Number of protein chains: 2
Amino acid sequence: METLNAAELLAALGHESRLSIFRLLVEAGTEGLFASAIGEKLGLPAPTLSFHLSHLTRVGLIRGQKESRFIRYAAEYATMDELIAFLTSNCCQGEACLPKTSACDTIAKRRKLGDSPSSCGKEPS
Amino acid sequence: METLNAAELLAALGHESRLSIFRLLVEAGTEGLFASAIGEKLGLPAPTLSFHLSHLTRVGLIRGQKESRFIRYAAEYATMDELIAFLTSNCCQGEACLPKTSACDTIAKRRKLGDSPSSCGKEPS
DNA sequence: TCCATAGTTCAAGTATTATAGAAATATCAA
DNA sequence: TTGATATTTCTATAATACTTGAACTATGGA
């Protein structure tokens, strides 16, 4: 992932309404939620909701599928995964910088964990 | 972490220059970098750099310490860690949604891994 | 003291983004 | 076909954020 793309994803999540929408969908799992259900939960006017849903869709953080008159939206976990991998790649130079995340050394992880074992998540030696 | 606070952090990172600054500092480790070194690497005019550094500082993603005429900036890993924990909390309902991150079920992790073992990171059963 | 350097703050212009009413589109149900 | 519902698009307005030259502050060196 490139910096510009990552910045677009982060900017998309950097708005309270959009972040709320995304968190709802992350918690909803692969089944997702209908747009109308999201709007009710967050109390957003339809045009405002639509604006934010299309923003999140455009950057690839969520995906919508039409079902008769409704649209079912779901989180794109893979996009979030890549974003977090980008944020934490080459982090902290081997220190245990992210105890809650255990996401250090994600470049090595991306390479199927074959090489260069990470010391992240352990106490610094 | 609350949604509003998380959105502020994400918005701070949702700008190409600020994300570049933050990534530089994440890679630099606890030693950090002087402001002038960041400016040189990114080719930003001093007022623009200062604007973004103070934004990142204000939300708590970086921290600056004066050393004679210079200011040494470093990433606040704990803030990023909490942000990622927020983004991934209660995610994916037990599916392996974040293979690169292995950051699922961070609420349980936050509670010192004592209770409710997570199925995240494994294949869905 | 005087000058150079590191960094910030000020000020003004420019650009982008968010909001939500009104109108439009699409689908279903009667 | 008519009406109701779900959602989007259009439009205008309002608000916010970014950029950078110029001026300022603080520090250290000559």
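Bear in mind that the values here come from a model prediction, so they are computed numbers and not experimental data. We use all heavy atoms of the structure for the numbers below, so side chains are in, but hydrogens, waters and symmetry mates are not.
Rounded to whole Å, the distance from NE2 on B:H55 to C1' on C:dT8 is 17 Å. Across the protein-nucleic acid pair, A:L19 atom CG and C:dT17 atom P stand 18 Å apart, rounded to whole Å. Taking atom CZ of B:F34 as the reference point, atom P of D:dG28 lies 12 Å away to the nearest angstrom. Between the CG atom of B:L53 and the P atom of C:dA6 there is a distance of 15 Å, given to the nearest Å. In this entry the distance linking CD1 of B:I38 with C1' of C:dA6 reads 13 Å, nearest Å.
Between A:M1 and A:L9 the shortest side-chain heavy-atom distance falls below 4.5 Å. Considering only heavy atoms from C-beta on, B:V26 stays 4.5 Å or farther from A:L87 through its side chain. B:L53 has its side chain within reach of B:I38: a pair of non-hydrogen atoms, C-beta onward, lies under 4.5 Å apart. Contact annotation: the side chain of A:I21 approaches that of A:L49 to within less than 4.5 Å [non-hydrogen atoms, C-beta and beyond]. Between A:F22 and A:I62 there is a side-chain heavy-atom pair separated by less than 4.5 Å.
A donor-acceptor pair under 3.5 Å is absent between the side-chain atoms of B:N90 and the main chain of A:E27, judged by distance alone. The closest donor-acceptor contact from the side chain of A:T79 to the backbone of A:G60 lies under 3.5 Å. Within the 3.5 Å criterion, the main-chain N or O of A:Q65 finds no donor-acceptor partner in the side chain of A:R72. Put simply, the side chain of B:S20 gets close to the backbone of B:E16: a donor and an acceptor are under 3.5 Å apart.
The side chain of B:H52 places an N or O atom within less than 4.0 Å of a non-bridging phosphate oxygen (OP1 or OP2) of D:dT19. Within the 4.0 Å cut-off from OP1 or OP2 of D:dC18, not a single side-chain nitrogen or oxygen of B:S17 is found.
Heavy-atom distances under 4.0 Å link DNA chain D to no residue of residues 3-16 of chain A. A heavy atom closer than 4.0 Å to some atom of DNA chain C occurs in B:A46, B:P47, B:S50, these being the qualifying members of residues 43-51 of chain B. Taking every heavy atom of residues 58-73 of chain B and every atom of DNA chain C, pairs under 4.0 Å involve B:R69, B:F70, B:I71, B:Y73, by number.
A:F86 carries B:R23 over the face of its six-membered ring, with the cationic atom under 6.0 Å from the centre and within 45° of the normal.
Across the interface with DNA chain D, nearest-nucleotide mapping of B:R18 and A:S36 shows A:S36 to be the residue nearer the 5′ end.
A continuous path of hydrophobic side-chain contacts links B:V59 to A:L83 [ILVMFWY only; heavy atoms under 4.5 Å].
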